[in-house]
Amino acid sequence: MSLLLVLGVVVVAAYIFRHIVVKGKSCTSKVKLHGKTVIITGSNTGIGKETAIDLAKRGARVILACRSRQRGEAALEDVKRESGSNQVVFMQLDLGSQKSVRSFAETFLKTESRLDLLINNAGVYMQGRTEDGLGMMFGVNHIGHFLLTNLLLDRLKACGPSRVVNVASMTHNWGNVDFDCLNTHKALGVGSSALDVFWIYSNSKLCNVLFNHELAKRLKGTNVTCYSLHPGAINSDLARNTSSLFQLSLTPLNLFFFKNTVQGAQTTLHCALQEGIEPLSGRYFSNCTVRELYARAKDDAASKKLWELSERMCGLA
Ligand SMILES: NC(=O)c1ccc[n+]([C@@H]2O[C@H](COP(=O)([O-])OP(=O)(O)OC[C@H]3O[C@@H](n4cnc5c(N)ncnc54)[C@H](OP(=O)(O)O)[C@@H]3O)[C@@H](O)[C@H]2O)c1
Ligand SMILES: *[C@@H]1O[C@H](CO)[C@@H](O)[C@H](O)[C@H]1NC(C)=O
Ligand SMILES: *[C@@H]1O[C@H](CO)[C@@H](O)[C@H](O)[C@H]1NC(C)=O
Ligand SMILES: *[C@@H]1O[C@H](CO)[C@@H](O)[C@H](O)[C@H]1NC(C)=O
């Protein structure tokens, strides 16, 4: 009985703490998106799904670009119901397969007439290999989005002002891009201990930030702008493929210190919607605020080299 009481108090305290202290800033833009088309990768769960619901409520035509037809179609029903919009579409996209990325882009460009917002949100936290033999986190988090963005750039340019939003992470601070390792292993690191996975994930997130930096330079003079961001530490499905011990250790953090997925979507929404941030193209945001990057995360030479290597890895060069 008293144990239940204590448990109840802890849960209520955690709830209040999270909704006041952990919450962070919210996107305040009132922008409506009627007549606009948006793609969100990995939008069947987590912050991608909350982003989809918000943008659908604003009137956008929302393309849920997800790898599993079953999970994507289930999310489609949820997003339609929660947004009250029927302008929501599922299209299959597996970022771990360049064939799938190309086929998604082809279908999209054929069946849809616009693209105003591309939200590169999907991410994995797991070792393994993609269909193309790349390291899983490098292949999905970076290369898949690199190829997708490049295949859709002409459409974005034709629909300007338009935006690309790259969901990175503050873990990019601990990342590095080891080009020798990339050349030999087509991965950003080997090993599969819990610590290895963290480093390799951080490396892939540094790629997101460097990609965004180089993309902004290449988009100068167009009406397309791009932004990278840290969404916060969020209670989502991201850790689903880690050990059960690791997941257990996340429970108290989830309860007290991690944002929920609605809170976690706010910086993505800010970068997608906020009026007047176009001069900040190429920059990095956190808590709905632009942040300085360490020199390593906006290194011109590294971002150019990564771009050229990425082009070769997906047959664009
Ligand atoms: N959670 C955090 O604390 C945190 C912190 C910083 C940054 N982030 C970043 O935020 C983004 C969203 O993560 P989340 O926390 O919302 O995680 P999540 O709940 O695990 O959602 C990730 C989404 O990515 C999709 N995905 C994974 N592999 C894919 C592939 N090969 N092709 C297409 N889609 C794929 C997943 O689809 P399935 O359901 O089919 O697997 C899922 O829809 C990620 O880029 C992540 O790195 C998260
Ligand atoms: C986010 O910004 C708000 C408003 O500026 C501030 O009160 C809050 O402490 C910030 N949160 C984090 C985690 O930086
Ligand atoms: C950008 O958009 C503005 C406003 O719609 C337009 O006047 C301008 O011509 C566009 N510029 C380019 C390079 O497309
Ligand atoms: C990752 O976790 C999900 C959910 O628990 C599971 O369905 C999937 O098979 C796992 N993938 C791998 C490669 O372990």
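Whatever order the structure lists them in is the order used to number ligands and atoms, beginning at 1. For the numbers below, each heavy atom of this structure counts, side chains included, while hydrogens, waters and symmetry mates do not.
In this structure, the protein non-hydrogen atom closest to atom 1 (N) of ligand 1 is Ser236 OG, 3.3 Å. Scanning the protein heavy atoms around atom 44 (C) of ligand 1, the nearest turns out to be Asn121 O, 3.1 Å. Remark: minimum distance from atom 48 (C) of ligand 1 to any protein heavy atom is reached at Leu238 CD2, 3.7 Å. Of the protein's non-hydrogen atoms, Arg67 NE, 3.6 Å is the one closest to atom 29 (C) of ligand 1. Shortest contact from atom 19 (O) of ligand 1 to any protein heavy atom: Asp237 N, 3.1 Å. Scanning all protein heavy atoms for the shortest distance to atom 37 (O) of ligand 1 gives Asn44 OD1, 3.4 Å. Here the heavy atom of the protein found nearest to atom 42 (C) of ligand 1 is Thr45 CG2, 3.6 Å. The single protein non-hydrogen atom nearest to atom 46 (C) of ligand 1 is Tyr201 OH, 3.5 Å, given as residue, atom name and distance.
Ligand-side atoms of ligand 1 in range of Val167: 9 (C), 10 (O), 11 (C), 45 (O), range being under 4.0 angstrom from any heavy atom. Close contacts of ligand 1 with Val124, meaning ligand atoms under 4.0 Å from a residue heavy atom, involve 27 (C), 28 (N). Near Gly96, meaning under 4.0 Å from one of its heavy atoms, ligand 1 places the atoms 31 (N). The Gly123 neighbourhood of ligand 1 comprises atoms 22 (C), 24 (O), 27 (C), 44 (C), 45 (O), with distances under 4.0 Å to a heavy atom of that residue. Remark: ligand 1 atoms within the under-4.0 Å shell around heavy atoms of Ala233 are 3 (O). Ligand-side atoms of ligand 1 in range of Val140: 28 (N), 29 (C), 30 (C), 31 (N), range being under 4.0 angstrom from any heavy atom. Every atom of ligand 1 with a heavy atom of Gly46 under 4.0 Å away is listed here by number and element: 16 (O), 19 (O). Each of the atoms 23 (C), 24 (O), 25 (C), 42 (C), 43 (O) of ligand 1 lies under 4.0 Å from some heavy atom of Gly42.
Among the atoms of Lys25, none of the N or O lies under 3.5 angstrom from an N or O of ligand 2. In terms of N/O distances under 3.5 Å, ligand 1 is not approached by Ser68. Of the N or O atoms in Pro231, none lie within a sub-3.5 Å distance of an N or O in ligand 1.
A donor and an acceptor atom, one from each side chain of Thr225 and Tyr227, are located under 3.5 Å apart. Ser100 and Asp94 share no donor-acceptor pair across their side chains, judged by distance under 3.5 Å alone. Using a 3.5 Å distance cut-off with no hydrogens or angles, the side chains of Thr149 and Asn120 do pair a donor with an acceptor. Checked by atom type, the side-chain pair Asp300/His213 shows a donor-acceptor distance below 3.5 Å. Residues Ser85 and Ser83 bring no donor and acceptor atom of their side chains to less than 3.5 Å of each other.
Salt bridge annotation for Arg163-Glu278: present, with a cationic side-chain nitrogen under 4.0 angstrom from a carboxylate oxygen. Ionic pairing of Arg81 and Asp78 is present here: one or more N-O contacts between side-chain nitrogen and carboxylate oxygen are shorter than 4.0 angstrom. Salt bridge annotation for Arg312-Glu308: absent, with no cationic side-chain nitrogen under 4.0 angstrom from a carboxylate oxygen. Here Glu112 pairs with Arg61 in a salt bridge; the nearest charged N to carboxylate O distance falls below 4.0 Å. We find that Glu106 and Arg102 are not joined by a salt bridge, their nearest charged nitrogen and carboxylate oxygen being 4.0 Å or further apart.
Within the set Ser169, Ala265, Gly232, Ser286, the minimum heavy-atom distance to atom 4 (C) of ligand 1 is found for Gly232. With atom 36 (C) of ligand 1 as the reference point, the heavy atom nearest to it among Gln92, Met170, Arg71, Arg240 is part of Arg240. When Leu95, Thr41, Ile40, Thr130 are ranked by how near their heavy atoms come to atom 30 (C) of ligand 1, first place goes to Leu95. When the heavy atoms of Asp94, Ile234, Leu93, Asn120 are ranked by distance to atom 3 (O) of ligand 1, first place goes to Ile234. Between the choices Ser43, Ala239, Ala122, the shortest heavy-atom distance to atom 35 (C) of ligand 1 belongs to Ala122.
Taking the six-membered ring where tryptophan is involved, the planes of Phe246 and Tyr125 are essentially parallel, since the angle between them stays under 30° and well short of 60°. Between Phe198 and Trp174, the ring planes are tilted. Angles from 30° to 60° get that label.
Applying side-chain contact (heavy atoms from CB on, under 4.5 Å) to Leu134 and the options His142, Met313, Arg129, His185 leaves one that passes, Met313.
One hydrophobic cluster, built from ILVMFWY side chains closer than 4.5 Å, holds both Leu151 and Phe104.
Thr37 places no side-chain N or O within donor-acceptor distance of the main-chain N or O of Asp116, the cut-off being under 3.5 Å.
Residue Ala168 places a heavy atom less than 4.0 Å from ligand 1. Within the 4.0 Å heavy-atom cutoff, Lys259 does not count among the residues contacting ligand 1. Not a single heavy atom of Phe258 sits closer than 4.0 Å to an atom of ligand 1.
The shortest heavy-atom contact between Gly96 and Asp132 is O-OD2, 3.5 Å. Closest approach of Arg218 and Glu311 over heavy atoms only: NH1-OE2, 4.4 Å.
Within 4.0 Å of ligand 4, counting heavy atoms only, the contacting residues are Met126, Arg240, Asn241.
You'll find the ring centres of His145 and Phe211 outside the 6.0 Å limit.
With sequence neighbours excluded, the residues satisfying side chain to side chain contact (heavy atoms under 4.5 Å, CB included) with Asn254 are Asn235, Leu250, Phe258.
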